[in-house]
*Asks:* 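Could you have a look at this structure, given as structure tokens, before my questions?
For the numbers below, each heavy atom of this structure counts, side chains included, while hydrogens, waters and symmetry mates do not.
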Amino acid sequence: DQVKEISNFMIDRVKGKNLNNLSFQGSKSVEIKIKNKVITFFSSSMDELSSKDENLTYENQLKQIEKLAKKTNLEQYNLILRQHPNLGKINSIRSAELFLEECQKLSKKYNFKIIEPFHKKEWMELANISDLMVVPSSSLFIDARFFGYPLVSPNPSQFKSFLNEIDYSF
């Protein structure tokens with residue numbers, strides 16, 4: 001019964017049903033053009049980060065994004081950075097703004113696409129065009145694993161029971 005209940009929950013979630021009365025989905029459309037293989041980095045917001053580990057910070061995410069941007073440029077991959085939809089709406093608003101600004105600078109330096117918090121782009125749309133998903137610290141890990149998407153985490157995860165050994169760090 002539990003497996004069926006969880007499966008139904010996940011299917012309803014994918015259909016866009018608002019299951020927790022919170023929605024941070026943006027409203028502005030964004031176009032993505034794909035030339036090569038795609039790696040999508042799904043940033044985490046501070047409420048996700050700080051609730052798991054005090055060492056998980058925006059600064060660390062910036063380092064991870066830059067490292068990945070350098071590597072994807074060398075390997076001729078397209079990098080997409082999906083900013084968490086609630087960035088700037090929960091908890092430390094100013095630090096989220098600074099994080100978003102620094103990501104813009106990295107995007108210009110390394111030429112990658114950013115899907116901003118206000119953009120209307122579901123995670124599964126991005127997952128469907130991605131050869132790999134990078135998820136630092138989010139329950140998105142559970143969703144992506146449930147649907148069999150290839151993913152890694154640059155951090156130890158509280159969702160380790162959903163992971164394979166190969167899912168750790170880059």
*Asks:* Restricting to salt bridge (charged side-chain N to carboxylate O under 4.0 Å, His left out), what partner residues turn up for Lys109, sequence neighbours left out?
*Replies:*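 In terms of salt bridge (charged side-chain N to carboxylate O under 4.0 Å, His left out), with neighbours along the sequence ignored, Lys109 is linked to Glu66.
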*Asks:* Under 3.5 Å, side chain of Gln61 to main-chain N/O of Ser44, donor-acceptor pair present?
*Replies:*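 Here the side-chain-to-backbone pair exists.
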*Asks:* To the nearest 0.5 Å, what is the distance between NZ on Lys113 and NE2 on His119?
*Replies:*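 If we round to the nearest 0.5 Å, Lys113:NZ and His119:NE2 are 6.5 Å apart.
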*Asks:* Are the side chains of Tyr77 and Asn36 in touch, meaning some heavy atoms are under 4.5 Å apart?
*Replies:*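 A side-chain contact is absent here, since even the closest heavy-atom pair is not under 4.5 Å.
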*Asks:* Calculate, to the nearest 0.5 Å, the distance between atoms CD and CD1 belonging to Gln83 and Ile114 respectively.
*Replies:*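 Rounded to the nearest 0.5 Å, the CD-CD1 separation comes to 5.5 Å.
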*Asks:* Quick one: pull up CD1 in Ile39 and CE in Met133 and give me the separation to the nearest 0.5 Å.
*Replies:*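 Output value for this atom pair is 12.5 Å.
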*Asks:* Could you tell me the separation between the CG atom of Leu62 and the CG atom of Leu98, rounded to the nearest 0.5 Å?
*Replies:*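 Going from CG on Leu62 over to CG on Leu98, the span is 10.0 Å.
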*Asks:* Holding to salt bridge (charged side-chain N to carboxylate O under 4.0 Å, His left out), I want the full list of residues that pass it with Lys105, two or more places apart in sequence or in another chain.
*Replies:*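 Lys105: salt bridge (charged side-chain N to carboxylate O under 4.0 Å, His left out) contacts with Glu102.
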*Asks:* Of the non-hydrogen atoms in Pro154 and Pro136, which two are nearest, and what is the gap between them?
*Replies:*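 Looking at all heavy atoms of both residues, the closest pair is CD-CA, 3.7 Å.
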*Asks:* With sequence neighbours excluded, what pairs up with Lys71 under the side chain to side chain contact (heavy atoms under 4.5 Å, CB included) test?
*Replies:*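 Per chain and number, Lys71 pairs via side chain to side chain contact (heavy atoms under 4.5 Å, CB included) with Glu75.
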*Asks:* Less than 4.5 Å apart, any side-chain heavy atom of Trp123 and any of Asp143?
*Replies:*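 The answer is yes, as the side chains (C-beta and beyond) meet within the 4.5 Å cut-off.
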*Asks:* Where the side chain of Ser153 meets the backbone of Val135, is there a donor-acceptor pair that is under 3.5 Å apart?
*Replies:*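 At least one qualifying donor-acceptor pair exists.
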*Asks:* Apply side chain to side chain contact (heavy atoms under 4.5 Å, CB included) to Ile129 and list each qualifying residue two or more places apart in sequence or on a separate chain.
*Replies:*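 With sequence neighbours excluded, Ile129 shows a side chain to side chain contact (heavy atoms under 4.5 Å, CB included) to Ile32, Ile34, Ile80, Leu126, given in chain and number order.
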*Asks:* My understanding is that only residues two or more places apart in sequence, or in another chain, count here; which of them pass side-chain hydrogen bond (donor to acceptor under 3.5 Å, both in side chains) with Lys63?
*Replies:*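 side-chain hydrogen bond (donor to acceptor under 3.5 Å, both in side chains) list for Lys63, sorted by chain: empty.
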*Asks:* Where do Val38 and Thr40 come nearest, in terms of heavy atoms and distance?
*Replies:*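 Minimum heavy-atom contact is CG1-OG1, 3.6 Å.
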*Asks:* Could you work out, with side-chain hydrogen bond (donor to acceptor under 3.5 Å, both in side chains) as the rule, every residue matching Asn128, not counting sequence neighbours?
*Replies:*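 With neighbours one apart ignored, the set is Tyr149.
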*Asks:* Asn73: what forms a side chain to side chain contact (heavy atoms under 4.5 Å, CB included) with it, not counting sequence neighbours?
*Replies:*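 Tyr110.
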*Asks:* Check for a donor-acceptor pair, side chain of Arg82 on one end and backbone N or O of Glu116 on the other, with a separation under 3.5 Å.
*Replies:*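 Here the side-chain-to-backbone pair exists.
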*Asks:* Please indicate whether Gln104 has more than 12 foreign heavy atoms, meaning atoms of other residues, nucleotides or ligands, lying under 6.0 Å from its CD.
*Replies:*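 Enclosed.
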*Asks:* Between Ser43 (side chain) and His84 (backbone), is there a donor-acceptor pair under 3.5 Å?
*Replies:*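 Indeed, once roles are kept as given, a pair shorter than 3.5 Å links the two residues.
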*Asks:* Would you compute the distance between atom CG of Leu106 and atom NZ of Lys70 and round it to the nearest 0.5 angstrom?
*Replies:*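 Answer for the CG-NZ pair, Leu106 versus Lys70, is 9.5 Å.
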*Asks:* When rounded to the nearest 0.5 angstrom, what is the spacing between SG in Cys103 and CD1 in Ile65?
*Replies:*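 Between atom SG of Cys103 and atom CD1 of Ile65 there are 4.0 Å.
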*Asks:* Among all residues two or more places apart in sequence or in another chain, which pass the ring-ring contact (aromatic ring centres under 6.0 Å, His included) test with Phe42?
*Replies:*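 So Phe42 forms no ring-ring contact (aromatic ring centres under 6.0 Å, His included) with any residue.
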*Asks:* Please enumerate all residues that pass ring-ring contact (aromatic ring centres under 6.0 Å, His included) together with Phe112, with sequence neighbours excluded.
*Replies:*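 Phe112: no ring-ring contact (aromatic ring centres under 6.0 Å, His included) contacts found.
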